[in-house]
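One structure below.
Lettering of chains follows the sequences in order, A, B, ..., and the numbering in each one begins at 1.
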2 protein chains.
Amino acid sequence: MESQKTYSKMFLEIVGGLRNLIKEEDIKTGGKLPSERELAERMNVGRSTIREALRSLELLGLIETRRGEGTFLADFQKNQFVDVLSGFILQQPTSIRDVRETRKIHEISAIQKICNCSTLQKMPVWNGFLLKIEQHMCIKRIDVIREMIVSTGNRLSLKIWMLLTQYSQVPYGVEMTVEEKNIIRDLLSALVIGDEGKALTSYFNWSERVEGERGEE
Amino acid sequence: MESQKTYSKMFLEIVGGLRNLIKEEDIKTGGKLPSERELAERMNVGRSTIREALRSLELLGLIETRRGEGTFLADFQKNQFVDVLSGFILQQPTSIRDVRETRKIHEISAIQKICNCSTLQKMPVWNGFLLKIEQHMCIKRIDVIREMIVSTGNRLSLKIWMLLTQYSQVPYGVEMTVEEKNIIRDLLSALVIGDEGKALTSYFNWSERVEGERGEE
DNA sequence: ATACTTAAGTGGTCTGACCACTATTCTTTC
DNA sequence: GAAAGAATAGTGGTCAGACCACTTAAGTAT
């Protein structure tokens, strides 16, 4: 906490420091945190830095602030999801492998759901993608997958997936190559006729190719 | 934006304001946002307030800041994305339906993984459960499912599942009835021989029965 | 034309100062 | 003595100004 050496992202260290503080002082759900001024003094940083960290946690729903009263640990049940996910966001020890695998769980699930629901298969967006591929237009990797998860209508799954995507260190934001488009075309073609087996085969094929690009582990 | 009336949570309005700004000015992925000082002036608030909002979005991964350069829209997709995320940010209650469905996504995924991995099929815990059923011993619903997810070794998936379970209002903590045990026995029997189809059929059968108990929606 | 220096712009942080609100304490009053 | 009201201290909310470190671009000297 006393590192303070113009380290870029000091407020992120404060976020971590707050986690420790909550743990060490055993602050329970609904319990009160030290005041901003006290935190600033204890951590040897300015109050504004403390506030930036607190505001971030507030937006995540982890804490609750009441003017004139103080800052409190947020309601338990209500924000558990965010808590877990933010735990990973805060670089806690979780292997990239788990993050990746969990992301894929949600992707596969979406494919399966679409293949077993004729309403979802008929959505125009799939043929839209196929058309784009036909015309060699630009499509990013993330676009197709995201649209699949969006189509399932499960917003929670979507939220989790989005968070996982940004931390799985897979180059999802780039455009697809010609080879990839061919695979995705197969995937979409299988999708619209509900051929789950073929769709998943294409997915795994594509997934391996994408992950292979940056073979770090 | 000019409301500014000591309204508690001004920085939340800024978050919303930024979303509009991104949309209206059509700032693309990777595009540059106005500087903090300019934003402060345009929105008639102090720079520190702007920073609190920006830092929140940064922790969420929505934006990326580079000292000396500026603030950029993170590697995400357009307005659609920001809309969805900001929806959650604003504490929208996630529907029970989504929680349930997401929980099942993880459960199904675990079953599929076990059925496709002979190492997992050979784990003694499955026969242990079968033995307990045979001897009419007490087994809680949650025990079997949890063990399946534990066995996959994906700790992140396990954590998410545990939270969802706690939140999905399904009576997982109670003991299984005789009928349920029969279904679970089928499930486990299929599991240990890798019969994914049968295992899933049993799972869905069991799942419907359990959820039907408290037919709220 | 190239290399170096300078300046401007930007995020990162700190300080101090108010404001608005809450809870506590201390009066005043009965 | 007890209750009602007033002053006080503590807290989050916000702002303004000042540095610092870094990046980029413009300007200068070679």
Side-chain angles (χ1 to χ4, degrees), chain A residues 1-18 21-22 25 27 30-75 90, chain B residues 1-18 21-22 25 27 30-75 89-91:
Chain A
M1 207 52 39
E2 62 279 3
S3 56
Q4 196 169 345
K5 44 180 179 184
T6 309
Y7 178 33
S8 200
K9 315 302 175 197
M10 170 69 96
F11 93 97
L12 282 180
E13 293 194 17
I14 301 298
V15 169
L18 287 172
L21 185 145
I22 290 170
E25 309 215 349
I27 298 175
K32 192 168 179 300
L33 271 65
S35 74
E36 297 179 350
R37 289 169 178 85
E38 184 184 338
L39 286 173
E41 195 172 353
R42 281 169 60 170
M43 298 190 175
N44 281 313
V45 296
R47 193 182 154 210
S48 47
T49 303
I50 292 288
R51 278 186 62 81
E52 289 182 10
L54 288 177
R55 249 23 73 201
S56 302
L57 294 177
E58 182 175 3
L59 192 64
L60 276 174
L62 291 177
I63 61 175
E64 181 183 347
T65 54
R66 295 197 284 271
R67 166 184 290 187
E69 299 184 52
T71 307
F72 304 85
L73 248 188
D75 188 80
L90 302 181
Chain B
M1 209 48 40
E2 62 280 2
S3 55
Q4 196 168 346
K5 43 184 177 181
T6 308
Y7 179 36
S8 201
K9 316 303 176 197
M10 169 68 97
F11 92 97
L12 281 181
E13 294 194 17
I14 301 297
V15 169
L18 287 173
L21 185 144
I22 290 169
E25 307 214 352
I27 298 176
K32 192 168 180 299
L33 271 66
S35 74
E36 296 180 350
R37 290 169 178 84
E38 183 183 339
L39 286 173
E41 195 172 354
R42 280 168 60 172
M43 298 189 175
N44 281 313
V45 295
R47 192 183 154 208
S48 45
T49 304
I50 292 288
R51 278 187 61 82
E52 289 181 10
L54 288 176
R55 249 23 72 202
S56 303
L57 295 178
E58 182 175 2
L59 190 64
L60 277 175
L62 281 174
I63 61 174
E64 180 184 347
T65 54
R66 297 197 282 272
R67 167 185 288 188
E69 298 183 53
T71 306
F72 304 84
L73 242 192
D75 194 72
I89 289 168
L90 301 180
Q91 311 286 1

Under a 4.0 Å N-O cut-off, is there an ion pair linking Arg42(A) with Glu25(A)?
yes
In whole angstroms, how far is the [atom2] atom of [N] from the [atom1] atom of [X]?
X: Glu64(B); N: dG12(C); atom1: CD; atom2: P; value: 11 Å
X: Lys32(B); N: dA25(D); atom1: NZ; atom2: C1'; value: 13 Å
X: Glu38(B); N: dA8(C); atom1: CD; atom2: P; value: 19 Å
X: Arg47(B); N: dT10(C); atom1: CZ; atom2: P; value: 10 Å
X: Glu41(A); N: dG16(C); atom1: CD; atom2: P; value: 12 Å
X: Ile14(B); N: dC15(D); atom1: CD1; atom2: C1'; value: 13 Å
X: Glu36(B); N: dG11(C); atom1: CD; atom2: P; value: 5 Å
X: Leu39(A); N: dG10(D); atom1: CG; atom2: P; value: 16 Å

For Thr49(B) and Ile14(B), run side chain to side chain contact (heavy atoms under 4.5 Å, CB included): C-alpha distance rounded to whole Å, both residues' side-chain angles, the deciding distance at 0.1 Å, then the answer.
CA-CA 8 Å; Thr49(B) 304; Ile14(B) 301 297; 4.0 Å; yes
At under 4.0 Å between heavy atoms, what does Thr49(B) touch on the DNA or RNA strands: base, sugar-phosphate, or nothing?
sugar-phosphate
Scan Ser48(B) against the nucleic acid and name what it touches under 4.0 Å (heavy atoms): base, sugar-phosphate only, or nothing.
base
More 5' along DNA chain D: Arg51(A) or Gly68(A), using each one's nearest nucleotide?
Gly68(A)
Classify the side chain of Arg55(B) and the base of dG11(C) as holding, or not holding, a donor-acceptor pair under 3.5 Å.
no
Within the 4.5 Å heavy-atom criterion, are [X] and [Y] side-chain neighbours or not?
X: Leu21(A); Y: Leu39(A); value: yes
X: Arg55(A); Y: Arg55(B); value: no
X: Met43(B); Y: Leu18(B); value: yes

Closest to side chain of Glu69(A), choosing from dA23(C), dT23(D), dG12(D)
dA23(C)
Is the distance from OP1 or OP2 of dG12(D) to the nearest side-chain N or O of Thr71(A) less than 4.0 Å?
yes
With respect to the phosphate group of dT24(D), does any side-chain polar atom (N or O) of Arg66(B) fall under 4.0 Å of OP1 or OP2?
no
